[in-house]
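Following: one structure in structure tokens, then a few remarks.
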Amino acid sequence: MTRIDWLLLPLLTGVLFGVVCIVFALVGYLGLGVLGLLIGFVAQRIEIEKEGAVGHPMVTSLYAQQAEARQRMTRAERAEHRAEMKSLVKPLFVAKVVSAGLIILGFGFFFLFQLP
């Protein structure tokens, strides 16, 4: 982690704790699990589409247009694109870990405390 990451970590932790408390107060443990599912879905969708939009079955030419655009790129543009995709991996990993934690915490505590 870089120096700025260490400086922003307490702020991020506080904001995340505040969001978790607000969601828990509004909808309980089940809401925490659903929030985790939502964050995980968005993170996974971003990871799937990081090389380009996946598209819709009605737009069959989208993938071909993206492939043509990638072939027209210069070496510098390709390197920039790869570096940008590489920098996207770290925040997506953090989002997936937060998502997994919320899912386990929310649904686990729901089944443990509220279901019986």
Side-chain angles (χ1 to χ4, degrees):
M1 290 180 57
T2 63
R3 184 179 177 132
I4 190 72
D5 290 341
W6 284 108
L7 292 174
L8 292 177
L9 186 63
L11 177 67
L12 174 66
T13 306
V15 168
L16 183 62
F17 182 73
V19 168
V20 167
C21 288
I22 290 171
V23 170
F24 176 72
L26 292 174
V27 289
Y29 292 118
L30 198 58
L32 290 179
V34 171
L35 179 65
L37 285 174
L38 181 66
I39 292 171
F41 173 76
V42 170
Q44 192 63 37
R45 184 68 184 207
I46 290 172
E47 185 176 5
I48 288 173
E49 293 186 354
K50 70 180 176 185
E51 290 295 326
V54 175
H56 191 271
M58 300 299 289
V59 186
T60 56
S61 63
L62 181 63
Y63 184 73
Q65 290 172 354
Q66 290 173 351
E68 288 175 15
R70 259 188 237 111
Q71 287 179 348
R72 286 193 304 262
M73 286 181 178
T74 64
R75 286 183 75 190
E77 289 173 333
R78 283 190 207 128
E80 180 184 2
H81 181 69
R82 278 194 305 272
E84 185 179 342
M85 293 302 112
K86 192 175 181 180
S87 69
L88 184 65
V89 172
K90 186 178 177 183
L92 281 176
F93 178 73
V94 171
K96 288 179 185 178
V97 168
V98 168
S99 169
L102 288 175
I103 290 170
I104 292 169
L105 181 75
F107 290 132
F109 282 172
F110 176 75
F111 287 122
L112 189 63
F113 296 126
Q114 290 184 345
L115 203 56

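None of these values were measured; they are calculated from a predicted model. Worth knowing before you read on, the calculation uses all heavy atoms, side chains too, and leaves out hydrogens, waters and symmetry mates.
Side-chain atoms of Val27 and Leu32, non-hydrogen and from C-beta on, never get closer than 4.5 Å to each other. Within the 4.5 Å cutoff, the side chain of Lys96 has heavy atoms near those of the Gln44 side chain. Here the side chains of Val19 and Leu35 are in contact, with some heavy-atom distance below 4.5 Å. In this structure, the side chains of Tyr29 and Phe113 come closer than 4.5 Å at one or more pairs of heavy atoms.
Gln71 and Arg78 make their closest contact through O-NH2, 3.3 Å (heavy atoms, listed as atom of the first residue, atom of the second, distance). The minimum heavy-atom distance linking Ser99 with Gly36 is given by the pair OG-O, 2.6 Å.
The closest donor-acceptor contact from the side chain of Glu77 to the backbone of Thr74 lies under 3.5 Å.
In terms of hydrophobic clustering, with Ile, Leu, Val, Met, Phe, Trp and Tyr side chains grouped at heavy-atom distances under 4.5 Å, Leu105 and Phe111 are assigned to a common cluster. No continuous path of ILVMFWY side-chain contacts below 4.5 Å connects Phe17 to Leu102, so the two sit in separate hydrophobic clusters. Placement of Val20 and Leu112 within a single hydrophobic cluster is found when ILVMFWY residues are connected by side-chain heavy-atom separations under 4.5 Å, directly or transitively. At a threshold of 4.5 Å between side-chain heavy atoms, the hydrophobic network of Ile, Leu, Val, Met, Phe, Trp and Tyr places Phe93 and Leu8 in two separate groups. Criterion: ILVMFWY side-chain heavy atoms under 4.5 Å apart, direct or through other members. Under it, Leu26 and Val23 are part of a common hydrophobic cluster.
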- Task: Using the side chain to side chain contact (heavy atoms under 4.5 Å, CB included) rule, take Val34 and Ile103 through it: C-alpha gap first, then chi angles, then the decisive distance, then the call.
- Result: CA-CA 7 Å; Val34 171; Ile103 290 170; over 6 Å; no
- Task: Give the C-alpha distance, both sets of side-chain angles, the deciding distance and a yes or no for side chain to side chain contact (heavy atoms under 4.5 Å, CB included) between Phe107 and Leu37.
- Result: CA-CA 10 Å; Phe107 290 132; Leu37 285 174; 3.7 Å; yes
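Under a cut-off of 6.0 angstrom, the local environment of CD in Glu80 is sparse, with at most 12 non-hydrogen atoms contributed by other residues, nucleotides or ligands.
Distance check, rounded to the nearest 0.5 Å: CD1 of Ile39 to CG of Leu16 gives 7.5 Å.
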